[in-house]
Student: 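Structure in structure tokens, see below.
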Number of protein chains: 2
Amino acid sequence: MARENKAKVNLSEVAKAAGVSKMTASRVLRNASGFSEETRQRVLREVERLGYVPNRIAAAFGSEQTSTIIGVSVPFLSSSLFGAVLDSTNGALAKFGYQTMIGAHENSSETEETWVKNILSWRPAGLILSAPRHSKATRDLLRNHGIPVAEIWNLNTSPIDLSVGFNHYDCGHEMALYILSKGYRRIGYVGADALAPGLGALRRKGFIAALEASNMTFASEEILSDRSSFYAGFYGTETILNRNRNLDCIYFQDDAMAIGGYFYCKSKDLRVPQDIAIAGWGSMEIASVLPQRLTTTVVSTQALGKAAAQSLVARIRGEPVDDVVISGTRLAPGATV
Amino acid sequence: MARENKAKVNLSEVAKAAGVSKMTASRVLRNASGFSEETRQRVLREVERLGYVPNRIAAAFGSEQTSTIIGVSVPFLSSSLFGAVLDSTNGALAKFGYQTMIGAHENSSETEETWVKNILSWRPAGLILSAPRHSKATRDLLRNHGIPVAEIWNLNTSPIDLSVGFNHYDCGHEMALYILSKGYRRIGYVGADALAPGLGALRRKGFIAALEASNMTFASEEILSDRSSFYAGFYGTETILNRNRNLDCIYFQDDAMAIGGYFYCKSKDLRVPQDIAIAGWGSMEIASVLPQRLTTTVVSTQALGKAAAQSLVARIRGEPVDDVVISGTRLAPGATV
DNA sequence: CTGAAAGCGCTAACAC
DNA sequence: GTGTTAGCGCTTTCAG
């Protein structure tokens, strides 16, 4: 089946058919002012009849020199946390009339840089970035372009432009205090971002700071060179417990790993939290059906995504916005600590 | 911080700086032929020096009348199954030099139609759709445009253009035969797509066909008006078991629901599969850490996404492709049936 | 191997 | 309320 060129109807033809000028037709379609109701009707009828599909490429080109495309980059499109962010961001942006162009940076600044360069050539109205760090080239590029940019996920107090994020450091710090308050003293850490430290590393730092304030430190750590997953948590827990059978609590990089760890413990008939306590971060839907409620930090990825979209759009429109927005988190005590 | 207009460097300036014509610079940048190595060096040096960012909007506009944008629509961006599809599709498309523009149709033909109309105005090179059905308007629009379209997820034997999918009907049929072979006779079904039947409904049909061949039918069904989730499975199982305590097996719409159901059963101290057997569809990463291996149909969302991207690109390039590609599925017997 | 001219489909600016 | 005139930054001819 060869590709043919159909759908060639353009504004001129619509205008001609409606007996008006291109300009008037254009105004009607953009809902600008400057046409009578009767004209409107006539133009819209022809649009319908001819099956006219506007050409946004031409529109973006011929006008403001910036499209209604918004580039959104996340670590992985298959991440459950970022999937929710994408969903709410995309929904909010669509309502504002923007289209989402996606990218997966895989926690690599280089991959992100390549993507940014690429996406900028589409003259997007704005960008949403989620990587904890950007290469210098990326930062320079964005600054020079003067394009609205919302950095999300991490809270960046001196953002390129805008920042909407969670305070990961505080999350870790708070969880450490909670765990200490419950009397645990031989605490381990299991993560999976050895190759490309993400925000889990920042939570870990906050956690360690709280430990050190009590003259403690992690009794053991296991940071895999992997991507966070249920199985990584399972395996990491097996490894750390085989090395250090004394642990009475493990803080995990996130809930997926914590749940994996939980099931490892269960598979060894360890009682949670009596034999070993478990804490995660992030909250996952599956937690609602598990036998025990997981102690974790609850975050609203949906709220974050929406807030980011709103801030970015406000910035694009030149409306006043806070440069830094903190998205709330809440330590949710469960039955596993 | 007001938005300024920087990065105004365009091809002309690069060309002038390099002492060549726009055309030559253009050729170098597109890696077309027709320039000397020395010219190439000079142009690239100026590109670097001036921080030139190509304008793809102008390029798409000025040339083939079709961009390198590919529109990809999935039910939800936060779905774990479709997240994986998106990830592999996006990765494959990026390698081919395409950009992904996303949409979430939420299992509504209307939402999809709106999105398709919108996306077509970007003159995409192709589209990937995942909805089981499209509105007539959508189908007409796509046919008239003659744009390459890959319909994924469901296997459509008479696709608009291309189809890459799983044979959901067969999946259900096969699972029914397996369950029957294990001696189960009082089988229930739990789903969550009452409002907008998706492909789970097709698996259910295949399952029923196999039951009917044995003069049986579902002993009980519970199809929630909800979105599939772990909790929906938990709750649906509670509902169906309260209504019919005789069931010896439940076939779930998908793994998320099956896992939710599994934990409901566990919470009631039901033995699986002795008291009640459980089967799902789709395979999820968490299955690797559960106490019992779930009996399910394993599908490769990654393979599907990649295959779809490859077929679509081949079609765009005018290379020969199979119109219909079946992505394999495999019944994986576990410990829950 | 290189360049000049034309034009893609739309919108901004200005006239009427 | 409506039309006219340019021109956005590229690429596609077509000449050299």
Side-chain angles (χ1 to χ4, degrees), chain A residues 5-44 46-47 50-69 97 120-125 145, chain B residues 5-44 46-47 50-69 97 120-125 145:
Chain A
N5 253 343
K6 310 186 193 174
K8 309 225 66 109
V9 197
N10 62 18
L11 233 207
S12 291
E13 303 181 39
V14 172
K16 200 186 302 169
V20 296
S21 72
K22 267 180 8 176
M23 212 37 232
T24 302
S26 168
R27 282 193 268 253
V28 168
L29 288 171
R30 281 176 299 131
N31 245 315
S33 57
F35 50 81
S36 66
E37 175 56 21
E38 199 229 318
T39 305
R40 201 180 75 92
Q41 300 282 347
R42 240 180 322 136
V43 170
L44 292 183
E46 293 306 320
V47 164
L50 298 170
Y52 170 67
V53 177
N55 186 335
R56 280 168 167 287
I57 297 270
F61 177 55
S63 64
E64 335 93 50
Q65 297 309 313
T66 130
S67 65
T68 54
I69 291 169
L120 281 178
S121 67
W122 288 100
R123 299 295 185 262
H145 260 255
Chain B
N5 255 343
K6 311 186 194 173
K8 308 223 67 109
V9 198
N10 62 19
L11 233 207
S12 292
E13 302 180 39
V14 172
K16 199 186 304 170
V20 296
S21 72
K22 268 182 3 179
M23 216 31 243
T24 301
S26 169
R27 282 193 267 252
V28 169
L29 288 171
R30 281 176 298 130
N31 245 316
S33 57
F35 49 81
S36 65
E37 175 56 22
E38 199 228 319
T39 305
R40 201 180 77 91
Q41 299 283 348
R42 234 171 336 128
V43 171
L44 292 181
E46 292 307 319
V47 163
L50 297 169
Y52 169 68
V53 177
N55 186 336
R56 278 168 167 291
I57 297 270
F61 177 56
S63 64
E64 335 91 50
Q65 297 310 312
T66 131
S67 64
T68 54
I69 291 169
L120 281 179
S121 67
W122 288 102
R123 300 295 185 263
H145 260 255

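Just so you know, these numbers come straight off a predicted model, no measurement behind them. Throughout, protein chains are lettered first and strands after them, A, B, ... in sequence-line order, and every chain is numbered starting at 1.
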Student: Are OP1 or OP2 of D:dG9 and a side-chain N or O of B:S12 less than 4.0 angstrom apart?
Tutor: no
Student: With sequence neighbours excluded, what pairs up with B:S12 under the side-chain hydrogen bond (donor to acceptor under 3.5 Å, both in side chains) test?
Tutor: none
Student: What integer distance in Å separates B:N31:CG from D:dT11:C1'?
Tutor: 16 Å
Student: Kindly indicate whether the side chain of B:V20, heavy atoms from C-beta on, has any atom under 4.5 Å from the side chain of B:F35.
Tutor: no
Student: Measure from the side-chain heavy atoms of A:L11 and tell me the nearest of C:dC1, D:dC10, C:dT11.
Tutor: C:dT11
Student: Give DNA chain D the dot-bracket treatment, 5' to 3': Watson-Crick (N1-N3 with N6-O4 or O6-N4) or G-U (N1-O2, O6-N3) under 3.5 Å, [ ] crossing, | other strand.
Tutor: ||||||||||||||||
Student: In whole Å, I'd like the distance from the CG atom of B:N10 to the C1' atom of D:dC8.
Tutor: 10 Å
Student: Has B:S21 got a side-chain N or O lying under 4.0 Å from the OP1 or OP2 atom of C:dA4?
Tutor: no
Student: Side chain of A:F61 only, heavy atoms from C-beta on: which candidate in D:dG3, D:dC10, D:dC8 is closest?
Tutor: D:dC8
Student: Side-chain N or O of B:Y52 less than 4.0 angstrom from OP1 or OP2 on D:dC10?
Tutor: yes
Student: Donor-acceptor check, side chain of A:S26 to backbone of A:L11, threshold 3.5 angstrom: yes or no?
Tutor: no
Student: What is the distance, rounded to the nearest whole Å, between atom CG of B:N55 and atom P of C:dC10?
Tutor: 17 Å
Student: Which nucleotide in the set C:dG3, D:dT2, D:dG9 lies at the smallest distance from any side-chain heavy atom of A:F35?
Tutor: D:dT2
Student: Starting from C1' on C:dT2, measure out to CD on B:E37 and report it in whole angstrom.
Tutor: 16 Å
Student: So A:T39 and A:R27, do their side chains get closer than 4.5 Å, heavy atoms only?
Tutor: no
Student: B:R56: what forms a salt bridge (charged side-chain N to carboxylate O under 4.0 Å, His left out) with it, not counting sequence neighbours?
Tutor: none
Student: With side-chain hydrogen bond (donor to acceptor under 3.5 Å, both in side chains) as the rule and sequence neighbours excluded, what pairs involving residues 14-25 of chain A come up?
Tutor: A:S21-A:T24
Student: Quick one: A:I57 CD1 to D:dC8 C1', roughly how many Å, whole number?
Tutor: 14 Å
Student: Applying side-chain hydrogen bond (donor to acceptor under 3.5 Å, both in side chains), name anything that partners A:Q41, two or more places apart in sequence or on another chain.
Tutor: A:E37
Student: Check the phosphate of D:dG1 against A:S33, side-chain N and O only, distance under 4.0 Å to OP1 or OP2. Yes or no?
Tutor: no
Student: Sequence neighbours excluded, which residues qualify as side chain to side chain contact (heavy atoms under 4.5 Å, CB included) partners of B:L44?
Tutor: B:V28, B:L29, B:R40
Student: Got a sec? Which of residues 22-30 of chain B come in under 4.0 Å of DNA chain D, heavy atoms?
Tutor: B:K22, B:M23, B:S26, B:R30
Student: Among residues at least two apart in sequence or on other chains, which ones pass salt bridge (charged side-chain N to carboxylate O under 4.0 Å, His left out) with A:R42?
Tutor: A:E38
